[in-house]
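Order of the sequence lines sets the chain letters (A, B, ...), proteins ahead of strands, with each chain counted from 1. It should be emphasised that the depicted structure is a prediction, and the values quoted were computed from it without experimental measurement.
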Protein chains: 2
Amino acid sequence: MPKAPASNHPACTEAARFAAVPPGAPPDPSVCPVRDVLDRIGQKWPLLILIALEPAPLRFSNVQRAVGDISKRMLTQTLRDLERDGMLTRRVYPTKPPSVEYALTALGRSALDPIAALAAWADLHHDTIRAARQQFDAA
Amino acid sequence: MPKAPASNHPACTEAARFAAVPPGAPPDPSVCPVRDVLDRIGQKWPLLILIALEPAPLRFSNVQRAVGDISKRMLTQTLRDLERDGMLTRRVYPTKPPSVEYALTALGRSALDPIAALAAWADLHHDTIRAARQQFDAA
DNA sequence: CAGCATCCCCATCGATACTG
DNA sequence: CAGTATCGATGGGGATGCTG
């Protein structure tokens, strides 16, 4: 069990509405899609892994190198989570020594789309944020 | 000090490139804008607070009610962080008893834009993800 | 090479109680 | 009403070592 399921938080209905849900009200109140997704991509490693795999599929060690300082433990765990979510595929080649290739799925690729929008926003407003922080800290 | 500064992670340059940075290379390698932003909005409360304030400014207690089950402790702390980032303003009315109104800034409002895109994605693909999980767990 | 198991730390968050 | 202060539990995640 990776973690507890997303909270069925009252404000999540707000979030869902904010997300421009279709006409019909969400039938399953026990899950908030927004939080469900954000819990994943909001973490450090999942995002970096998705980005690392964007240009091309990679093997375990190559993912580790691409991401940089992730431990094998977290890499394994995060890859599992992403595979479980259908964001990437895990293909084992029974060579000697074994090699495992990870590749984005269409779903994983499509996720990078809105993430890129967010990244663009971050890049655009980063200076403003940093300035705001400095001003705030002068107090 | 809210938390440690964002890691100057090698893959962040990848992330930055992915975010379609302008021609010039980022001069400050010690900060990754993408992680900087994601560290915030990836957390539970900041997002819910931004969403709660989107329709209209709210006072402390009203934010708490709007968000739902957040403790005063986390609410205070998160509001501070968001204020520090320039995402919202804090205006104190010296009435008796005192009241404090929190309102989104233009920056905070603009942040909800890409977040909405992400939320829309989450809403759209949530079923697919849940299905992938169920299939994965059948093993 | 890929990945699992173990240990352990410490940051985060909730609960509670108190103040201006 | 709008916080601050303090304590305590919980679990995320790093380091290390072992296996197929």
Side-chain angles (χ1 to χ4, degrees), chain A residues 1-7 9 11 35 38-49 52-53 57-84 88-103 139, chain B residues 1-7 9-11 35 38-49 52-53 57-84 88-103 136 139:
Chain A
M1 293 99 223
K3 68 188 310 183
S7 73
H9 196 284
R35 280 245 50 80
L38 250 46
D39 280 346
R40 258 278 179 285
I41 69 101
Q43 288 166 16
K44 180 176 186 175
W45 302 124
L47 177 64
L48 293 176
I49 289 175
L53 290 179
L58 292 176
R59 288 167 48 189
F60 188 87
S61 300
N62 294 59
V63 177
Q64 188 170 26
R65 257 186 297 279
V67 168
D69 57 358
I70 188 174
S71 66
K72 285 194 291 187
R73 185 187 188 279
M74 287 314 297
L75 182 56
T76 301
Q77 181 177 317
T78 310
L79 284 170
R80 279 275 190 287
D81 287 342
L82 290 173
E83 183 193 3
R84 192 175 105 99
L88 54 80
T89 58
R90 177 177 181 274
R91 176 168 266 173
V92 180
Y93 295 93
T95 57
K96 187 174 77 87
S99 76
V100 181
E101 192 181 70
Y102 294 91
Chain B
M1 294 98 223
K3 69 187 310 182
S7 73
H9 197 284
R35 281 245 50 80
L38 250 46
D39 281 344
R40 252 291 172 280
I41 69 101
Q43 288 167 16
K44 180 175 186 175
W45 303 123
L47 179 62
L48 293 177
I49 288 176
L53 291 178
L58 292 176
R59 289 168 47 188
F60 188 87
S61 300
N62 294 59
V63 177
Q64 188 170 26
R65 257 186 296 279
V67 168
D69 58 359
I70 187 173
S71 67
K72 284 194 290 187
R73 185 186 188 280
M74 288 314 297
L75 182 56
T76 301
Q77 181 176 317
T78 310
L79 285 170
R80 281 273 190 287
D81 286 344
L82 290 173
E83 184 194 1
R84 191 176 105 99
L88 54 82
T89 59
R90 176 177 181 274
R91 176 168 263 172
V92 180
Y93 294 93
T95 56
K96 188 172 76 88
S99 76
V100 180
E101 192 181 71
Y102 294 90
F136 184 91

Given atom [atom1] of [X] and atom [atom2] of [N], what is their separation to the nearest angstrom?
{"X": "D39(B)", "N": "dG12(D)", "atom1": "CG", "atom2": "C1'", "result": "14 Å"}
{"X": "F60(A)", "N": "dA2(C)", "atom1": "CZ", "atom2": "P", "result": "7 Å"}
{"X": "I49(B)", "N": "dC13(C)", "atom1": "CD1", "atom2": "P", "result": "12 Å"}
{"X": "L48(B)", "N": "dC13(C)", "atom1": "CG", "atom2": "C1'", "result": "15 Å"}
{"X": "E101(A)", "N": "dC1(C)", "atom1": "CD", "atom2": "P", "result": "16 Å"}
{"X": "L75(B)", "N": "dT16(C)", "atom1": "CG", "atom2": "P", "result": "18 Å"}
{"X": "K96(A)", "N": "dC1(C)", "atom1": "NZ", "atom2": "C1'", "result": "12 Å"}
{"X": "Q64(B)", "N": "dA2(D)", "atom1": "CD", "atom2": "C1'", "result": "10 Å"}

Any [X] side-chain nitrogen or oxygen under 4.0 Å from OP1 or OP2 of [N]:
{"X": "T76(A)", "N": "dA2(C)", "value": "no"}
{"X": "R80(B)", "N": "dT4(D)", "value": "yes"}
{"X": "R90(A)", "N": "dG3(C)", "value": "yes"}
{"X": "Y102(B)", "N": "dG3(D)", "value": "yes"}

Which atom names give the shortest non-hydrogen contact between L38(B) and I41(A), and what distance separates them?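 Looks like CD2-O, 3.9 Å.
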
From [X] atom [atom1] to [Y] atom [atom2], the distance as rounded to the nearest 0.5 Å:
{"X": "R84(A)", "Y": "R40(A)", "atom1": "CZ", "atom2": "CZ", "answer": "6.5 Å"}
{"X": "K72(A)", "Y": "L79(A)", "atom1": "NZ", "atom2": "CG", "answer": "13.5 Å"}
{"X": "W45(A)", "Y": "L75(A)", "atom1": "CH2", "atom2": "CG", "answer": "9.5 Å"}

Are any of the side-chain heavy atoms of Y102(B) and L82(B) separated by less than 4.5 Å?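 Side chain of Y102(B) against side chain of L82(B), heavy atoms only: no contact under 4.5 Å found.
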
Heavy-atom contacts, protein to nucleotides 13-20 of chain D, under 4.0 Å, summarised as B (base), S (sugar-phosphate only) or - (none) per nt, yield BBB----B

Tell me, with the steps shown, if R59(A) and S61(A) meet side chain to side chain contact (heavy atoms under 4.5 Å, CB included). CA-CA 6 Å; R59(A) 288 167 48 189; S61(A) 300; 5.8 Å; no

Given E101(A) and R90(A), is the side chain to side chain contact (heavy atoms under 4.5 Å, CB included) satisfied, shown in steps? CA-CA 6 Å; E101(A) 192 181 70; R90(A) 177 177 181 274; over 6 Å; no

